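What you are looking at is a predicted structure, and each value in this text was computed from that prediction instead of being measured. Basis for what follows: all heavy atoms, side chains included, without hydrogens, waters or symmetry-related copies. This chain uses plain numbering: 1 for the first residue, then up along the sequence.
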Amino acid sequence: MTKSKYIVVEGPIGVGKTSLARLLANEFQARTVFEKVEENPFLPKFYQARESYAFQNQTFFLLNRYQQQVELSQQDLFNQNTIADYLFAKDKIFATLTLKQRRTKPLPANLRAFECSGFRSRTLWSISRLDPKCFTKGSKKGIKKYERGVTFEYLSEVAQAYNQFFFHYDETPLLVVNTSEIDFVASSKDLADLIKEINNMGLGTQHYIPLGSR
């Protein structure tokens with residue numbers, strides 16, 4: 001990372017996005033931008049009754065992400081590395097997955113303008129962790145109590161939605177990482193290998209399928 005970058009670690013529920021973002025921030029001496037999950041009062045209710053609370057849950061996350069990005073846009077983005085644990089465009093993924101068709105509408109004009117002029121102008125690398133098996137193979141120990149009732153079927157739906165979204169994604173360079181057999185938190189070698197992949201990234205989409213260390 002010879003120039004300042006904005007890197008996003010994105011993927012389904014419970015695969016360790018925030019943990020990896022912290023590790024990368026330490027490596028690249030970057031500031032962090034984390035989704036305000038704990039502040040969302042609708043999230044526990046959403047996991048209990050997804051259809052009833054999908055709209056409230058989605059709206060809370062969207063407005064908070066928007067506020068964070070506005071605050072970032074007012075700072076000097078290009079003189080400091082930044083690592084985030086969410087992609088602003090992820091709203092489209094979950095809106096398609098959880099909202100009724102009549103509630104799935106285009107973004108308001110001010111949000112669309114911001115997404116185009118503010119967010120996309122940055123140099124951004126997305127690292128996607130797309131395997132729902134990661135959730136059931138150990139990451140549950142770090143999840144919240146209200147997330148433990150999430151079914152594997154729902155996780156699979158989320159993973160499929162992510163795969164569909166990133167299959168068509170071409171806004172920035174993209175590194176798709178298969179994490180089913182590795183652990184960046186527990187293994188310094190796994191993390192070091194990933195960092196090498198990041199430093200060697202080019203344009204377009206690349207896939208990283210590391211050998212398992214477990």
Side-chain angles (χ1 to χ4, degrees), residues 1 5-25 27-28 30-38 40 43 57-58 60-62 64-69 72 77 81-98 107 111 114-115 118-135 139 142-144 147 150 154-180 182-185 190-191 194-195 197-198 201 203-210:
M1 291 178 64
K5 306 293 185 185
Y6 187 100
I7 297 180
V8 169
V9 181
E10 185 57 274
I13 305 162
V15 295
K17 298 183 293 292
T18 302
S19 296
L20 179 56
R22 287 196 176 100
L23 292 170
L24 293 179
E27 173 68 25
F28 294 126
R31 64 181 170 188
T32 54
V33 180
F34 295 138
E35 194 153 42
K36 297 180 179 180
V37 177
E38 298 291 343
N40 187 344
L43 190 56
N57 182 60
Q58 194 69 22
F60 181 93
F61 274 132
L62 175 60
N64 271 271
R65 293 180 199 127
Y66 173 71
Q67 183 60 41
Q68 283 184 310
Q69 297 299 315
L72 283 175
L77 291 171
N81 295 328
T82 303
I83 311 288
D85 69 349
Y86 69 88
L87 187 69
F88 186 80
K90 75 183 297 179
D91 181 74
K92 300 175 184 178
I93 300 174
F94 283 91
T96 302
L97 185 65
T98 64
L107 288 174
L111 295 189
F114 167 75
E115 184 181 28
F119 184 75
R120 293 180 181 176
S121 65
R122 305 173 189 167
T123 301
L124 182 148
W125 294 345
S126 300
I127 304 172
S128 301
R129 312 184 74 193
L130 303 182
D131 195 338
K133 293 179 182 178
C134 297
F135 185 88
S139 62
I143 68 171
K144 311 299 182 293
E147 290 178 328
V150 178
Y154 177 67
L155 291 174
S156 297
E157 290 176 6
V158 173
Q160 184 177 1
Y162 268 94
N163 280 319
Q164 179 70 15
F165 176 82
F166 281 111
F167 181 80
H168 300 284
Y169 183 82
D170 60 2
E171 298 296 332
T172 70
L174 173 66
L175 178 63
V176 180
V177 183
N178 185 318
T179 61
S180 60
I182 56 177
D183 189 334
F184 298 126
V185 176
D190 288 345
L191 178 62
L194 174 63
I195 290 171
E197 292 293 322
I198 295 173
M201 279 184 67
L203 300 177
T205 298
Q206 301 175 48
H207 292 261
Y208 176 44
I209 307 176

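Taking CD1 from I195 and CD from E27, the interatomic distance works out to 3.5 Å, rounded to the nearest 0.5 Å. The structure places CZ of F166 at 11.0 Å from CD of E171, a figure rounded to the nearest 0.5 Å. To the nearest 0.5 Å, the span separating CG on N163 from NE2 on H168 amounts to 11.0 Å. Atoms CG and OG1, on D85 and T32 in that order, are 8.5 Å from each other to the nearest 0.5 Å. Rounding to the nearest 0.5 angstrom, the gap separating the OG1 atom in T172 from the CE atom in M201 is 7.5 Å. If you take CD on Q58 and CG on L43, they are separated by 10.5 Å, rounding to the nearest 0.5 Å.
The two residues T205 and H207 have their closest heavy-atom pair at CG2-NE2, 3.9 Å. Between N81 and F28, the shortest heavy-atom distance links the atoms ND2-O, 3.0 Å. Closest of all the heavy-atom pairs between R65 and Y86 is CG-CE1, 3.6 Å. The two residues P12 and A159 have their closest heavy-atom pair at CG-CA, 3.9 Å. Here the closest heavy-atom approach between residue F165 and residue A89 is recorded as CZ-CB, 3.9 Å. Across all their heavy atoms, G11 and Y162 have their closest contact at O-OH, 3.2 Å.
Each of L191, I83, T18 was evaluated against L23; a single residue qualifies, L191, per the side-chain contact (heavy atoms from CB on, under 4.5 Å) test.
The shortest side-chain heavy-atom distance between L194 and D190 does not fall under the 4.5 Å cut-off. Counting heavy atoms from C-beta outward, F184 and V9 have side chains that stay 4.5 Å or more apart. Side-chain contact between D91 and F61 is absent, with no heavy-atom pair separated by less than 4.5 Å. Taking 4.5 Å as the limit, every side-chain heavy atom of V176 sits out of range of all side-chain heavy atoms of Y169.
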I would like to know whether I93 and L87 meet side chain to side chain contact (heavy atoms under 4.5 Å, CB included); could you show each step before the answer? CA-CA 10 Å; I93 300 174; L87 187 69; over 6 Å; no

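Salt-bridge check for E35 with K17: failed, with every basic side-chain N at 4.0 Å or more from each acidic carboxylate O.
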